[in-house]
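Accompanying notes for the structure given below.
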Amino acid sequence: MHNTFHQRLCALLPAGASLKDIILLTLAFLALIASFFELPLPIDAGWFTILLCGVPLIYEAFRAVLKEHNIKADLLVALALLASLYIGEIFAAAEIAFIMQLGSALEEITVRKAQSDIAKLVSLTPQTARRLFNGEEHLIAAEFVHTGDIIKVLPGETVPVDGIILTGATAIDQSVMTGEALPVDKSIGDSVYSGTINQYGAFTLRATKDGSDSSMQRMVNLVKNADAGKAKIVSLADKWATYIVLIALTTACLTFLYTGAASRAVTVLVVFCPCSLVLATPTAIMAAIGNATRHGFLVRQGDALERLANVSQFVFDKTGTLTFGKLQVTALQSFSEKYSNEELYQLAASAETQSEHPLGKAIVRTYRNKCTQPLLSVSSFSMFPGKGLQATINSEKFYFGNSKLLAQAKISFSSNNSENITPYLKQGATIIYIANAYELLGFIALADTVRPQSSALLADLQQLHVSTTLLTGDNATAAASVGQRLGVSIVQANCLPEDKLAYIRQQQAKGAHLCMLGDGINDAPALKAAHVGIAMGGIGSDIAIDAADIVLTKDKIEELPQLFLLSKKMLQTIKLNLIFSLTLNLIAILLAVAGVLNLVVGALVHNGGSLLVILNSVLLLKWQGAKPKATPAQAHEKSYAL
């Protein structure tokens with residue numbers, strides 16, 4: 001019961017906040033209010049706030065100086081707090097302690113770095129392998145496989161090590177490595193990667209790498225090390241802390257020597273405290289994160305929006321990001337007078353119900369979603385791995401497969417047939433030919449379809465003067481077709497995870513700031529290395545989501561320009577907050593030196609500045625950027641589907 005209540009309570013807290021922090025800040029605030037109204041208590045309630053908020057602050061400030069030789073803004077706050085206590089201003093000391101602890105808590109919530117869940121990626125790494133030795137099969141740990149070992153892989157199993165197929169034929173799901181929507185047919189002499197999935201048919205391979213140096217293991221290492229170069233946010237107050245402390249102490253000492261008034265010197269220290277500077281960045285970030293959440297973005301890294309504002313290039317994965325990542329029948333055409341398009345579709349779907357091949361499953365799924373005619377019974381069925389299948393329906397023999405199957409059945413097609421098929425091949429579609437024992441009857445084209453919002457998204461980004469790049473593990477034909485239709489600036493195909501990471505590194509070396517959008521495990525290293533990584537939350541893998549700074553929870557990619565504009569508005573708000581804070585502090589310091597401000601009034605003015613900073617940041621919660629308008633030439637692409 002207790003654990004359930006605790007879990008529900010924690011679920012109500014802001015992301016990154018702990019129940020302990022919230023309770024302590026609440027108690028400290030209540031004690032501060034009691035001190036302000038001078039409630040009749042045995043001791044001033046402000047001491048309780050000082051105990052909760054001030055003591056940890058003083059400890060950390062002096063520990064940083066003595067052990068780390070690092071002067072932070074907290075040191076000045078600690079000195080002001082101690083000085084206030086020395087002259088008996090308990091409330092002033094308490095409110096300084098509380099406001100700084102509040103700022104620290106906000107900064108911790110927004111800037112805390114969420115570590116990627118490497119364990120999930122490691123769990124995908126094959127654990128065992130079936131090694132063949134002296135005619136016997138031995139189950140061993142995958143990491144003990146050595147180059148040259150003969151390994152057997154059964155249907156549905158994960159390939160344990162990189163290698164070359166020696167016997168058998170199958171289709172391999174390589175999406176974990178390349179992101180390809182289509183499985184790849186493999187036969188003797190073809191290469192396979194560890195971590196990919198054997199769709200059907202047993203085969204043997206000769207290992208070309210040790211198990212400890214497999215493709216999947218290398219990707220684990222890439223994700224672990226990819227974010228080493230990411231810039232870490234440093235608050236302005238801490239960046240200039242040494243100078244602020246020296247100037248504050250010097251000013252306070254000179255004020256005391258000139259006026260002889262200790263309270264005036266302490267007031268100088270109090271108004272010098274960089275509370276509003278500390279709050280300037282985290283409050284704006286929190287408000288912007290709240291705005292982003294309403295648009296379907298989950299910001300996992302506090303400083304991600306600050307980095308996004310400086311992005312000059314957006315890099316996209318194709319499959320599952322700009323496309324739906326799901327095979328569909330996109331075209332169907334009959335060349336026969338005997339069979340209509342609908343009848344040919346019915347024949348193909350009926351035959352493919354007997355197949356375990358992903359292409360066959362896609363045909364059946366699409367047929368059932370769009371057609372009402374019942375499937376036909378199949379009296380005989382034969383698979384030809386890497387080619388297709390043969391089925392007998394209504395006492396007639398049919399072939400469904402690729403050009404290799406047609407050649408095997410000695411079925412040719414005319415130049416007119418080729419003219420009808422070629423446009424789909426240029427678009428990167430996969431063609432399933434349908435024939436009987438005598439002639440080609442027609443074809444079905446399958447492809448991953450482009451999201452209708454993708455074209456508008458790319459057009460909007462162009463209006464915002466940022467370049468776009470497409471990195472995909474898909475073949476060059478499919479990549480070029482999508483890139484051309486959407487107007488992507490740069491297209492690179494056949495990319496493995498290390499290729500995507502290499503591109504990110506190369507562009508960063510040239511000074512470019514990149515935002516990477518992806519959804520697959522193969523995108524994780526690039527997502528981690530980019531200045532900002534955004535993962536598709538709806539269909540994205542857990543690994544990609546854990547590697548990303550921001551998650552698009554509803555997969556509404558058309559909201560990306562809004563997020564980009566919001567990040568820039570947030571940066572403007574932070575700069576305005578900083579300018580206001582510095583100006584107010586300067587004026588307050590001059591008035592404190594002149595004796596116009598006493599300690600309590602100085603503390604209230606100084607905290608009033610912090611309140612105004614917070615209110616200015618809150619305006620970001622409802623901010624709505626003006627979405628760029630696509631030109632007529634760009635707008636017509638919105639209805640395009642591959």
Side-chain angles (χ1 to χ4, degrees), residues 124-219 327 351-352 354-362 381-391 399-405 407-409 430 432 446 473-475 494 496-497 521-522:
L124 293 178
T125 305
Q127 302 298 310
T128 60
R130 301 175 186 275
R131 184 171 63 182
L132 301 180
F133 187 72
N134 291 335
E136 295 183 359
E137 181 181 311
H138 302 274
L139 197 64
I140 65 170
E143 61 183 302
F144 295 143
V145 174
H146 297 293
T147 302
D149 285 351
I150 307 301
I151 305 298
K152 183 178 181 180
V153 183
L154 299 179
E157 288 187 341
T158 300
V159 179
V161 67
D162 297 359
I164 296 176
I165 293 180
L166 296 179
T167 63
T170 185
I172 298 290
D173 177 0
Q174 299 187 151
S175 59
V176 68
M177 296 300 297
T178 66
E180 292 174 279
L182 294 171
V184 180
D185 289 328
K186 299 283 186 178
S187 57
I188 296 172
D190 291 333
S191 297
V192 291
Y193 303 107
S194 68
T196 57
I197 301 172
N198 180 23
Q199 295 285 296
Y200 67 88
F203 66 89
T204 61
L205 64 85
R206 176 182 287 113
T208 55
K209 285 187 172 66
D210 291 347
S212 58
D213 189 35
S214 66
S215 297
M216 180 59 74
Q217 188 58 49
R218 290 201 305 274
M219 189 157 67
L327 286 176
E352 295 292 358
Q354 309 297 311
S355 171
E356 290 298 317
H357 197 286
L359 292 176
K361 290 181 178 179
F381 176 87
S382 300
M383 283 290 298
F384 302 98
K387 298 176 183 178
L389 60 89
Q390 172 191 304
Y399 296 93
F400 306 88
N402 56 26
S403 57
K404 294 179 182 178
L405 183 63
Q408 177 179 307
T430 296
I432 301 296
L446 295 101
D474 233 336
N475 62 75
N494 300 310
L496 293 174
I521 297 171
N522 61 303

Please name the pair of heavy atoms, one in [X] and one in [Y], separated by the smallest distance, quoted to 0.1 Å.
X    : Y    : value
A362 : L327 : CB-CB, 3.8 Å
L405 : G388 : CD2-CA, 4.0 Å
S194 : D162 : N-OD1, 2.9 Å
R130 : E157 : NH2-OE2, 2.7 Å
L205 : G163 : CD1-CA, 4.0 Å
Q390 : Y399 : OE1-CE2, 3.4 Å

[Y] side chain reached by [X] side chain, heavy atoms, under 4.5 Å:
X    : Y    : answer
P160 : V153 : yes
V159 : F203 : yes
L389 : E352 : yes

Which residues pass the side-chain hydrogen bond (donor to acceptor under 3.5 Å, both in side chains) test with [X], sequence neighbours left out?
X    : value
K387 : Q408
T204 : T167
Q354 : none
S403 : none

Partner residues of [X] under the side chain to side chain contact (heavy atoms under 4.5 Å, CB included) criterion, sequence neighbours left out:
X    : result
D210 : H146, T147, S212
A171 : P183, D185, Q199, Y200, H357
R131 : I140, D149, I151
A202 : L154, P155

Distance from [X] atom [atom1] to [Y] atom [atom2], nearest 0.5 Å?
X    : Y    : atom1 : atom2 : answer
L132 : E137 : CG    : CD    : 6.0 Å
I432 : L359 : CD1   : CG    : 5.0 Å
L166 : I150 : CG    : CD1   : 5.0 Å

With sequence neighbours excluded, what pairs up with K361 under the salt bridge (charged side-chain N to carboxylate O under 4.0 Å, His left out) test? E356

Is there a donor-acceptor contact under 3.5 Å from the side chain of N134 to the main chain of E136? no

Flag yes if more than 12 heavy atoms outside F381 fall under 6.0 Å of its CZ atom; otherwise flag no. yes

Scan N198, I165, I164 and name whichever one has a side-chain contact (heavy atoms from CB on, under 4.5 Å) with K186. I165

